[in-house]
Amino acid sequence: MKLTSYVAGVPVTAAVHEVKSPYDNRVVGTVTLANASHASAAVEAALKGGKKLTRYDRFSILDKARQLIVERKESFAQTISAESGLAIREALYETGRAHDVLMFAAMESLKDDGQIFSCDISPTGKARKIFTTREAVSLALCITPFNHPLNQVVHKLAPALAVGTPVILKPSEKTPLTAIMLTELLYEAGLPHYMLSTLLGPTAEIAEPLVKDPRVDIVSFTGSVAVGKKIAGMAGYKKVILELGGNDPVIIMEDADMDMAVYLAAEGAYRNSGQRCTAVKRILVHEKIAEEFTQRLVEKTKEYTCGDPSNPETRVGTVIDEAAAVYLENVVKKSVEQGAKILIGGKRKGAIMEPTVISNVPRNADMVVHESFGPLAPILTFKDIDDAIALSNSTAYGLSSGIVTNNMSYALRFIKELKVGTVNINEVPGYRIESSPFGGIKDSGLGIKEGVIEAMKCFTFVKTFSLPW
Ligand code: NAP
């Protein structure tokens, strides 16, 4: 597969970047690399503009893109799996999510979004009305991570295009092929070329100058905490949306349905090779049921076969590269030195890290204090709900959480007292629909939500006008 970066629809013909499979290191595709002059040309093309899109135009383009994703879901899934090492079944699931994002964005693009305020409603009022309307910002820079190579990208592009905001996309250099396939699909669906440039290239020539560029109105970034904070420092006077790392708990109370608890913990920890910002990264279990839960989770873990990502039977593919797997292996070893016990898994082969259950994990182990982006299931116990809330809130992150309980007063306390963006009762932390508000607080983000509807708001500003009435 030979792909190119694009400046407003014009292919970049320059140096070539090879994308290798994390599973067997074969070259699965190449992409041409843009440079600083391409970045500047992309800004100029977006600001020069072209045919202005009506709401119906935007609906039609997004709906056509939705149809094309359905037709091409196999080839998208194969590309996602080849470049990221994700199991093909996860990659296919991801194409379904992308379908939903495009469908919701198409639907939302048709809706009116203004408000009306009558002014004769107080003693000092008068006969006027104030109206609001949303206007697209002139240019968005969207920077995306490697995990979910399709869904992360479509979650930026679809809402921006739904409101008519031109985008410069900088996808991850680890998984650019899917992003470029999506770019080409959107052009094919009728998107005017000035509306989208997709650039891959050195950070110092593309991403950083664009983050700093005063002509860019908004930077929408999803990725690690370290890079997110760097971007916040560089961006200057512009809107910045940051969706950063997570360290999400699933909290299992003593009254939990045990089957559900085991299922949610395993799905949350292992799906997508544990590489979701909202993957279960800490399993907090009431001490009264910890022994039974732990045995059951070890049994369940045997179902998550890992290996060749292209095999439809594989449940857990690789992590993004061998270095990431080595990090996970080391973080497990370090927790063992601190007193933790590996109950199943723990071994690494190349970029494959086995689904691993670890018990007796100390509360200060690196594995649970920082984000471990892989299929690890560290178990920590707590004595009561106060302890569970304190333990859950004890890290720098605040993305999401899952609680397993049938006790409504427990559920209400977690909803009120967890310092996170989302609390899901009897679900994994990652549960959402693509249009619902999504995003974290503390180091996980600035509390500005994404999800199709909220992201559409981000890519606009509200204009207020008033008329005598
Ligand atoms: P990353 O290393 O932060 O990279 C993310 C993107 O930022 C990539 O496109 C990267 O480009 C680019 N980048 C790197 N340095 C930059 C700089 N100095 N200025 C501007 N852009 C720069 O993250 P990752 O490892 O790809 O992704 C995993 C992380 O994303 C995890 O922490 C995960 O939790 C988080 N995540 C969060 C959410 C959420 O919604 N909260 C969702 C998904 C993932 P290159 O690839 O070229 O380096």
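Just so you know, residue 1 is the first one in the sequence shown, and it goes up from there. Whatever order the structure lists ligands and atoms in, that order sets their numbers, starting from 1. Note that the structure is a prediction, hence the values are computed from the model and not measured. Computed over heavy atoms, backbone and side chain alike; hydrogens, waters and symmetry mates excluded.
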Hey, does Ser335 have a side-chain heavy atom less than 4.5 Å from the side chain of Asp366?
-> no
By ring pair (Phe, Tyr, Trp, His ring centres under 6.0 Å), which residues pair with Phe221, not counting sequence neighbours?
-> none
Report the relative orientation of the aromatic rings in Tyr187 and His193; use parallel for angles under 30°, tilted for 30 to 60°, perpendicular for over 60°.
-> tilted
Do the non-hydrogen side-chain atoms of Pro429 and Leu399 ever get within less than 4.5 Å of each other?
-> no
Would you mind listing each N/O atom of ligand 1 next to any protein N/O under 3.5 Å, plus the distance?
residue, atom, partner, partner atom, Å
ligand 1, 3 (O), Ser224, N, 2.8
ligand 1, 3 (O), Ser224, OG, 2.6
ligand 1, 9 (O), Thr144, O, 2.7
ligand 1, 9 (O), Lys170, NZ, 3.1
ligand 1, 11 (O), Lys170, NZ, 2.8
ligand 1, 18 (N), Glu208, OE2, 2.7
ligand 1, 23 (O), Ser224, N, 3.4
ligand 1, 26 (O), Phe146, N, 3.2
ligand 1, 30 (O), Gly223, O, 3.3
ligand 1, 32 (O), Glu371, OE1, 2.7
ligand 1, 34 (O), Glu371, OE2, 2.6
ligand 1, 41 (N), Leu244, N, 3.3
ligand 1, 41 (N), Leu244, O, 2.7
ligand 1, 46 (O), Ser172, OG, 3.4
ligand 1, 46 (O), Glu173, N, 2.9
ligand 1, 47 (O), Lys170, NZ, 3.0

Ring-face cation of Arg271 near Tyr93 (centre distance under 6.0 Å, axis angle within 45°) | yes
Centroid-to-centroid, Phe373 to Tyr327, below 6.0 Å?
-> no
